[in-house]
Structures are given as C-alpha cells and as structure tokens.
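Taking it in order: structure first as structure tokens, then the write-up.
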There are 2 protein chains.
Amino acid sequence: MTRMTRQRAAVAEALDQQDEFRSAQQLHEVLRARGDSVGLATVYRTLQTFADAHEVDQLRNADGEVLYRRCERVEHHHHLVCRSCRRTIEIDGPTVEAWAAKVGAAHDFTDIDHTIELWGICKDCRG
Amino acid sequence: MTRMTRQRAAVAEALDQQDEFRSAQQLHEVLRARGDSVGLATVYRTLQTFADAHEVDQLRNADGEVLYRRCERVEHHHHLVCRSCRRTIEIDGPTVEAWAAKVGAAHDFTDIDHTIELWGICKDCRG
DNA sequence: CGATTCATGAGAACGATTCTCACGCTTGAT
DNA sequence: ATCAAGCGTGAGAATCGTTCTCATGAATCG
Ligand SMILES: [Mn+2]
Ligand SMILES: [Mn+2]
Ligand SMILES: [Zn+2]
Ligand SMILES: [Zn+2]
C-alpha cells in the first residue's frame, strides 16, 4: 500500500545522516543541499508517514515546532535533548513507565499515554 | 511594573471559572460570553504574562495548541488530562522528579528541565 | 504493456500566535 | 485632584509552520 519512491528513499537517507532532531524544513534544506529535489509538502507527508509507522520519533521544541529523528532503538523510549545543539540521548525509563501507568490507574483513567522529554545543556555546550 | 487593568482582572476571573485547560481563543470566547470585552491579542499577552509569573500552567495538546489553567497548587507539579473532556488531575511526582534529575546528571547535562504530561480517558468519558 | 491508483509538488490556504502603532488608562509624584 | 510618563490595549496586518488542492507523474501488478 505504501509505494517506494525516489522521494521517500531520499528523505529516509537524509534522516539517517542526522544525529539530532530536525524539523521538516531543516530536512528539506538538507535534501536540497544534497541535490535531491523533494517538495516540501512531500517532506512533511513522508515524515508523518514514517512517524505513523514508528520509524521516526517526533517531539516538539519549546517553540512548538515538530522535530523528527530516526532513533537507534525501535522500542518505546524517551529523550534527553540539549537545548543548545540538540544532541540527543535515548532514555530507557522503566521507572517512569511504571509510574505513569500507576498514576493513570489510580485516578481511573484508561488508554494512558505520556509525554516525557528531558531538556538540558550538554557538556560540550557548557564550554 | 505590571499594572492592574480591567482586562487583566477579567482574564484572571475567566480563568478561575474554568476547571479544565483552555486555549487563549477559548478563554477569549468565555470573556465575550460574559460580556467582558477584551481583545484577543490582550488575552494572549495576559496569559503569557501570567505564565511567566507562574500564575498559570501551560501545556500543548496533540495539535500543538497551547492550553492554560490556573491550578490549585502553586508548587511544581504535572498533569493527568482526559483527552476527551480535558478533566485534569494535578500530579505530584517525587518519583519522576528524582528520576529526571538523575538521568540528566548521569549524562552530564545541566539545567535540566522536563516535560511530563499524562493523557488518558477519564471514567466519565468511558461511560 | 496498459490500467489503476497512490504519490508528488507548486502554490494557495489555514490557523494559531505575534507584531504594529496610535490611542487610552494606570500609576506615582506633585 | 492634577498631570506627566509610559505601560497596556486592540484591530488588523503579518508571520510562519503546516496542510490542502488538484493536475500530473510514477509504482505496482496482472
Ligand atoms: Mn515512556
Ligand atoms: Mn516535575
Ligand atoms: Zn549541546
Ligand atoms: Zn473525560
């Protein structure tokens, strides 16, 4: 049902080149710089498709922009992101997973989902 | 430095009437319905001012809209929000506070800030 | 090789939020 | 109370990330 196209391959490749979270527009610029011509609308659509398929992670920065990243681990996890350079550490948090589930159940809420992201300044950015 | 105006008093009063998180536009509509004429730009500015002063909490829904709420407790806390009716439970989470601080320190990040929000469906909305 | 149908892209549209700037009102001093 | 100073206000324009439109292109499959 999802066709393989030059554009999707290019977006996937551009994503793999990145270590940090990037916005759709940043990735569009990366593609342009690489010489891959991909429409901005297609970049947005493709990233959304990847996200729906859990092939990329997405989060919002403080400005509300959506950022995307292809993470190492495919299993559920969270992130510790440098506010300055966006360097990202993937966090495995059984402690908070259990906490979130317990809190939800304690208040009789179901279908619990959680947004847990840590932001800070990394060592390199402290200079 | 911050002056008391009819508009700010009206926004504060409208906020106090709400139990759930509301967007600036929703609050603007609440004010209009109450007969308080306050410009939309002023509602946005006032909410931002309140948020900066930690007088209201703010978070983003899945669509990226910013929602505001005057919470019971003024101390740092998190929220469990119903995706359907936005009913909100204020969460006190020493467990996650410690976890967040520990994770940040373990990776040599400073100025750690965390975004932790729980979403679910409340008992009434399951009905 | 077709036929089918999903994918693409340029530009328009959208929508939340912010900006502009002339005018009004709060404030603190007189 | 009066008044000057300057913060606050609001209507509308502007911003900007994201989505939509729709005619055209390309993957897929028999
Ligand atoms: Mn989790
Ligand atoms: Mn916390
Ligand atoms: Zn950094
Ligand atoms: Zn509910």
Side-chain angles (χ1 to χ4, degrees), chain A residues 1-15 18 20-53 55-69 81 83 86 115 117, chain B residues 1-15 18 20-53 55-69 81 83 86 115 117:
Chain A
M1 191 191 286
T2 42
R3 298 178 177 177
M4 181 47 55
T5 64
R6 172 183 66 79
Q7 290 87 343
R8 285 182 182 167
V11 171
E13 212 170 308
L15 269 170
Q18 310 303 310
E20 294 86 28
F21 274 92
R22 301 292 185 203
S23 69
Q25 310 217 25
Q26 284 179 319
L27 287 164
H28 181 244
E29 177 54 28
V30 167
L31 287 164
R32 202 192 56 69
R34 285 168 44 111
D36 290 319
S37 172
V38 180
L40 180 57
T42 298
V43 173
Y44 272 105
R45 272 186 300 236
T46 302
L47 289 171
Q48 193 53 63
T49 299
F50 285 172
D52 290 345
E55 287 172 29
V56 302
D57 284 4
Q58 63 185 155
L59 55 79
R60 281 177 194 279
N61 67 12
D63 292 333
E65 286 175 298
V66 179
L67 306 181
Y68 302 86
R69 180 176 190 265
V81 186
R83 269 189 298 268
R86 288 191 182 164
T115 300
E117 304 296 348
Chain B
M1 193 188 283
T2 41
R3 298 178 176 176
M4 181 48 54
T5 64
R6 172 183 66 78
Q7 291 86 344
R8 285 181 182 169
V11 171
E13 211 170 308
L15 269 170
Q18 310 302 311
E20 295 86 26
F21 274 92
R22 301 291 185 201
S23 69
Q25 310 220 24
Q26 285 179 317
L27 286 164
H28 181 245
E29 176 54 29
V30 167
L31 288 163
R32 202 192 56 69
R34 284 169 46 109
D36 290 320
S37 173
V38 181
L40 179 57
T42 298
V43 174
Y44 272 104
R45 273 185 300 237
T46 303
L47 289 171
Q48 193 54 62
T49 300
F50 286 172
D52 290 345
E55 288 172 28
V56 301
D57 284 4
Q58 63 186 157
L59 54 79
R60 281 177 196 278
N61 66 14
D63 293 333
E65 285 174 299
V66 178
L67 306 180
Y68 302 86
R69 181 175 189 267
V81 185
R83 269 190 297 268
R86 288 190 181 166
T115 300
E117 304 296 348

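Throughout, a chain's letter reflects where its sequence line sits, starting with A, and its residues are numbered from 1.
Taking 4.5 Å as the limit, some side-chain heavy atom of A:Arg86 sits within range of a side-chain heavy atom of A:Asn61. In this structure the side chain of B:Val30 reaches within 4.5 angstrom of the side chain of B:Gln18, judged on heavy atoms. At least one side-chain heavy atom of B:Arg34 sits less than 4.5 Å from a side-chain heavy atom of B:Glu13.
For the pair A:Gln7 and C:dG9, the criterion of a side-chain N or O lying under 4.0 Å from OP1 or OP2 is met. At C:dT18, none of the side-chain N or O atoms of B:Tyr44 fall inside 4.0 Å of OP1 or OP2 (strictly under the cut-off). Remark: B:Arg60 is not in phosphate contact with C:dT17, judged by side-chain N or O atoms under 4.0 Å from OP1 or OP2. Residue B:Arg6 places at least one side-chain N or O under 4.0 Å from the OP1 or OP2 atom of D:dG10.
As a whole-Å value, the separation of B:Leu47 CG from D:dG10 P is 13 Å. Taking atom CG of residue A:Asn61 and atom P of nucleotide C:dT17, one finds them 14 Å apart after rounding to whole Å. Going from atom NE2 of A:His28 over to atom P of D:dG17 covers 13 Å, rounded to whole Å. D:dC16 atom P lies 20 Å from atom CD of B:Glu65, rounded to whole Å. Atom-to-atom, CD of A:Gln25 to P of D:dT18 comes out at 6 Å; the value is rounded to the nearest Å. In this structure, A:Arg8 atom CZ and D:dG25 atom C1' are separated by 14 Å, rounded to whole Å. The CZ-P distance, from A:Arg22 to D:dT18, rounds to 15 Å in whole Å. In this structure, the CG atom of B:Leu40 is 14 Å from the C1' atom of D:dA14, given to the nearest Å.
No hydrogens or angles were tested; on distance alone, a donor-acceptor pair under 3.5 Å links the side chain of A:Arg45 to the base of C:dG9.
B:Thr2 comes within 4.0 angstrom of the backbone, heavy atoms only, and of no base. Contacts of A:Thr49 with the nucleic acid, taken as non-hydrogen atoms under 4.0 Å apart, are absent.
For B:Ala41, whose side chain is taken as the heavy atoms from C-beta onward, the closest listed nucleotide among D:dT18, C:dC19, C:dT8 is C:dC19. Nearest to the side chain of B:Thr5, among C:dT17, D:dG8, C:dA10, sits D:dG8. Of the candidate nucleotides D:dT18, D:dT9, C:dT8, C:dT8 has the atom nearest to the side chain of A:Thr42.
Screening B:Leu47, B:Leu27, B:Thr42, B:Asp36 for a side-chain contact (heavy atoms from CB on, under 4.5 Å) involving B:Val11 leaves a single residue, B:Leu47.
Rounding to the nearest 0.5 Å places CZ of A:Arg3 at 9.0 Å from CZ of A:Arg8. To the nearest 0.5 Å, atom CG of residue A:Leu15 and atom CD of residue A:Glu55 are 10.0 Å apart.
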Taking N or O atoms only and anything under 3.5 Å, show me the protein contacts with nucleotides 1-5 of chain C, one pair per line.
unit_1	atom_1	unit_2	atom_2	d
C:dT5	O2	A:Arg3	NH1	3.0
C:dT5	O2	A:Arg3	NH2	2.9

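Contact record, A:Tyr44 with A:Gln25: OH-NE2, 3.3 Å, taken as the closest heavy-atom pair.
Nearest-nucleotide mapping onto DNA chain C: of B:Tyr68 and B:Met4, the residue sitting toward the 5' end is B:Tyr68.
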| task | List the steps and the verdict of side chain to side chain contact (heavy atoms under 4.5 Å, CB included) for A:Tyr68 and A:Gln26. | result | CA-CA 10 Å; A:Tyr68 302 86; A:Gln26 284 179 319; over 6 Å; no

